[in-house]
Structure formats: structure tokens, C-alpha cells
2 protein chains.
Amino acid sequence: MAENLFQEIKSVIDITDEDAQKFLSLTKEKTVKRNEFFIREGDTAKYIAFVLSGILYTYYVNEKGEKHIVQIALETHWVSDLASFLSGAPADFNVQAIEEAKLLILSKADFEKACQNIKGFERYFRILVQKAYVHAQKRISKIYGNSAEERYLELLESAPDIMQRVPQHYIASYLGIKPQSLSRIRKNLIKK
Amino acid sequence: MAENLFQEIKSVIDITDEDAQKFLSLTKEKTVKRNEFFIREGDTAKYIAFVLSGILYTYYVNEKGEKHIVQIALETHWVSDLASFLSGAPADFNVQAIEEAKLLILSKADFEKACQNIKGFERYFRILVQKAYVHAQKRISKIYGNSAEERYLELLESAPDIMQRVPQHYIASYLGIKPQSLSRIRKNLIKK
DNA sequence: TGTATTACTTAACCTATGTGAATGTTTTTG
DNA sequence: CAAAAACATTCACATAGGTTAAGTAATACA
């Protein structure tokens with residue numbers, strides 16, 4: 001089962017099988033049921049998780065009480081409130097399961113251990129954060145330069161699995177629009 | 001002059017004066033004149049820069065030929081196309097001076113040296129990327145949850161120096177709106 | 001299995017921002 | 001210093017997406 005993570009790590013950095021195994025042994029399995037929280041806003045994010053199966057989503061609630069989804073994580077994604085996990089500050093985000101999810105979780109203490117004792121691990125992690133950053137940048141680009149319809153079509157192309165497995169109103173929130181608007185957009189697209 | 005960077009590093013990580021000095025000695029000064037490029041889309045970002053004085057802005061041009069500003073960097077900010085700098089891939093962004101800027105630049109090779117030889121430097125850098133990531137996340141939140149007027153007011157409060165020193169149409173682009181719209185928003189605010 | 005809940009669609013109307021064009025202002029540069 | 005270029009403002013009109021409210025379909029769970 002942890003095979004997935006083994007693969008993922010080896011695809012990002014050069015690492016011996018022993019070191020990769022050493023890292024895996026620091027993780028623990030955890031199941032999060034549908035609608036259960038993995039991380040709650042205000043708590044400290046004690047763990048970072050690698051998704052083995054199922055779906056989680058990350059969102060925040062703004063001052064007006066509106067919920068905004070910032071990430072939808074399927075299999076082989078890492079998920080946490082990174083800022084909180086790394087700094088110990090209270091989390092800004094909630095992370096909750098859309099579908100029951102199986103995770104490999106890594107605690108802060110074990111994360112630090114891995115950084116110090118496993119060659120290449122800090123590097124793996126830096127690259128992970130870096131990728132997340134680049135992804136966030138791209139997302140900003142798309143919000144600005146494209147209409148909701150364009151963003152919808154792009155998501156449809158780049159992540160068809162998300163579209164199939166995630167209820168539409170989550171997708172609307174991820175796209176930054178209301179469910180009614182997504183409905184309207186889909187209707188217009190059918191006409192074309 | 002490099003004093004600023006010295007301070008900045010010490011404010012982020014525990015590092016001896018010697019190590020900080022060692023790091024500083026790897027950087028070189030460079031001046032970028034008004035409207036000159038520091039990084040050009042398509043080139044590899046060979047350097048990362050710490051801004052000593054002046055202003056730079058980072059933007060990309062989308063398929064429709066529209067320019068979108070993603071960052072405005074004043075004194076004490078780091079600037080580059082991180083993804084390109086770290087991976088060697090062609091840059092997605094342009095970085096150009098709005099006001100003549102004095103920089104401390106660090107080459108990829110020297111960056112690698114610093115990571116290997118200076119204790120705590122990889123950590124400093126991971127934290128830097130992490131901060132950039134958190135900032136990008138926050139930006140996404142704000143684009144979604146707030147109107148252009150709200151975003152304008154927030155920028156006015158959080159970065160008054162930018163507002164004073166940067167022409168309005170750059171700010172409009174950073175806010176994701178057209179100059180005419182920013183003009184209208186400002187007019188409406190005066191009425192209130 | 002049936003009822004309660006949650007998700008999705010549609011439609012009429014509203015609002016913020018975009019568009020294009022005209023005009024004035026400020027800055028740059030020969 | 002003058003002409004050109006870049007920047008800012010205003011306005012009338014267009015449009016994407018929000019809002020409210022209603023109806024229908026799908027799902028959950030007692």
C-alpha cells in the first residue's frame with residue numbers, strides 16, 4: 001500500500017531503497033471517514049499526510065462566513081496546512097474528507113527526524129513546497145486571465161478524475177463561482 | 001549596503017556572523033535600470049536577487065497577450081522566477097525594474113554551494129519558499145472572497161509604500177482589474 | 001423502503017467590472 | 001523647451017457572474 005509513496009519519492013529525488021524505507025517506517029496509516037476533519041482551522045496541523053486513497057479538500061472560511069476551497073487532493077497528493085505544520089502556528093485552513101480516505105501521516109517530530117537523518121529528505125521536501133508554490137502561482141494566473149468557463153474547461157482537461165468523483169458544488173467553489181453559475185456555464189457549453 | 005540582507009537572514013534563522021558573512025560574500029551587486037529586464041520569459045533564471053533599493057515587478061503575458069502582474073518587489077524582498085531558477089526550466093515570468101534597482105544577486109552555482117557548505121542555509125531557503133507559498137495562498141483567498149474595492153483598500157493598508165511609488169496601472173494589474181476600473185473605484189471611495 | 005436531506009437546475013433580475021472612445025494630465029526625451 | 005509618449009479620468013454601454021427563489025432529482029440513513 002505504501003508502495004505509492006515509495007514510488008513518488010523515488011520519482012522526485014535520488015534516494016537509496018534503504019533510505020526511502022527508513023522514511024516510510026516513520027509514517028503511520030490513518031483513515032478519515034467521509035466528512036471527518038483531518039485538520040481544523042485554529043488547531044495546529046500536527047501531521048502532514050500522503051493520500052493513499054479517497055479524496056480530501058482544503059478550504060477556509062472568510063470573515064463573511066463564505067467557504068472557499070483552495071485544494072482538492074486525490075491519491076498521491078500530499079495534504080496539510082503547510083504553514084501551520086512547519087511553523088506551529090494555528091491553521092488557517094480546514095482539511096476534510098469528501099470520500100473516506102486512507103492516509104500515510106507523518107508527525108512534525110518525525111518530519112524533523114527525517115530531515116536530519118535521511119539524506120536527501122530536506123531536499124525532497126523543499127521541492128514539494130516549491131511545486132506547491134508554482135501551482136499556486138499558476139492558479140493565480142488563471143483566475144486573473146481566464147473566465148470561469150475557461151477555468152472549468154481547463155480543469156476538465158487537466159483533472160478529469162476530480163470532475164467525475166467530486167460533487168459539482170465543490171468544484172464550483174474551487175473555481176471561485178457559485179453552484180448556480182457552474183450549472184449555467186455547463187448548460188451554455190452543451191448548447192455549443 | 002549588504003547590511004540589509006545580513007539583518008534579514010538573521011531574522012529568519014539562527015546563524016553565526018561568520019556563516020552569514022560567508023553567504024554574503026557569494027553575492028554580487030548589480031544595478032537594473034528603469035524598464036530593464038532582470039529576467040525574461042523563456043530564458044533560464046540564472047540568478048535570484050535580494051532588492052537593496054528600487055522596485056521590480058514580476059508579470060506574465062497570457063495567450064491573449066494580456067500582461068498580468070503577480071508580484072511587486074520593494075527593498076528587502078527576494079525576487080526571481082523561482083521555478084526556473086531551481087529547476088533550470090525556461091522562465092514563465094518577466095521581471096523588470098519599475099524604478100532603477102540595486103540588487104544583490106546569487107547565481108545557481110553559488111546557491112548550491114551555499115546549500116551544501118553553509119549550515120542552516122537550505123533551511124533559510126526552504127522557509128523563504130514556504131513564505132512565498134503562504135503568500136500566494138493568501139492572495140488566492142483574497143481574489144475569491146473579496147471585491148476589487150476591498151482588495152484595493154487592503155493593499156492600501158498593508159503596503160502603502162507600493163501605492164505611493166508605483167504607477168496606478170501597475171497596481172490595477174496586480175489587483176486583477178483594468179486601470180479604468182481602479183479609477184472608478186477610487187472615485188467612488190472619495191464620494192463616501 | 002420511505003422520508004428527510006442534500007445536490008442540481010432554471011429563470012428573472014441585479015451589480016461589478018470590462019470595453020471603447022474621448023479628454024486631460026504628467027512625464028520623458030530629443 | 002516643445003513634441004511625443006505614457007498615464008489617468010470619465011462616460012455610455014456590454015456582459016459575466018451573483019442573488020433569490022422555486023422546482024426537480026438524487027442520496028442517505030432511520
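A, B, ... follow the sequence lines: proteins, then strands. Residue 1 opens every chain.
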Do you see a donor-acceptor pair shorter than 3.5 Å between the side chains of Glu3(B) and Gln7(B)?
yes

What's the OH-P distance between Tyr170(A) and dA7(C), to the nearest Å?
6 Å

Under the criterion side-chain hydrogen bond (donor to acceptor under 3.5 Å, both in side chains), which of Gln96(B), His68(B), Glu66(B) is the partner of Tyr59(B)?
Gln96(B)

Just the rounded figure in Å: distance from C1' of dA16(D) to OH of Tyr144(A).
17 Å

Could you work out, with salt bridge (charged side-chain N to carboxylate O under 4.0 Å, His left out) as the rule, every residue matching Lys33(A), not counting sequence neighbours?
none

Output the rounded distance in Å from NE2 (His68(A)) to C1' (dG18(D)).
12 Å

Can you see whether Lys67(A) engages Tyr57(A) through a side-chain donor-acceptor pair at a distance of less than 3.5 angstrom?
yes

Strictly below 4.0 Å, N to O, side chains only: are Glu154(B) and Lys142(B) in salt-bridge contact?
yes

Side chain of His169(B), heavy atoms from C-beta onward: which of dT10(D), dA7(C), dC7(D) has the nearest atom to it?
dC7(D)

Between Leu56(A), Thr31(A), Leu52(A), which is the residue that forms a side chain to side chain contact (heavy atoms under 4.5 Å, CB included) with Leu103(A)?
Leu56(A)

When the distance from CD1 of Ile143(B) to P of dA16(D) is rounded to whole Å, what number comes out?
20 Å

Rounded to whole Å, the CD-P distance (Gln180(B) to dA6(D)) equals 17 Å

Atom CD1 of Ile190(A) to atom C1' of dT9(C): distance rounded to whole Å?
11 Å

Polar atom pairs (N or O), protein with nucleotides 12-17 of chain C, under 3.5 Å:
from	atom 1	to	atom 2	distance (Å)
dT17(C)	OP1	Ala148(B)	N	2.7

Start with the C-alpha distance between Lys102(B) and Glu29(B), add both sets of side-chain angles, then the distance that settles salt bridge (Lys or Arg N to Asp or Glu O under 4.0 Å), and finish with yes or no.
CA-CA 7 Å; Lys102(B) 284 218 161 50; Glu29(B) 274 210 33; 6.0 Å; no

Ignoring backbone atoms, establish whether Gln168(B) has a side-chain N or O less than 4.0 Å from OP1 or OP2 of dT9(D).
yes

Which atoms of nucleotides 25-30 of chain D (N or O only) lie under 3.5 Å from a protein N or O atom, and what are those distances?
from	atom 1	to	atom 2	distance (Å)
dA28(D)	OP1	Arg34(A)	NH2	3.4

Electrostatic pair Glu112(A)-Lys108(A), nearest N-O below 4.0 angstrom
yes

Backbone of Val70(B) reached by a side-chain donor or acceptor of Arg139(B) within 3.5 Å
yes

Over all strands shown, is Pro167(B) touching base, sugar-phosphate only, or nothing at heavy-atom distances under 4.0 angstrom?
sugar-phosphate

Euclidean distance, atom CG of residue Leu189(A) to atom P of dC8(C) [Å, nearest integer]
17 Å

Write down the distance between OH (Tyr152(A)) and P (dG17(D)), rounded to a whole number of angstrom.
14 Å

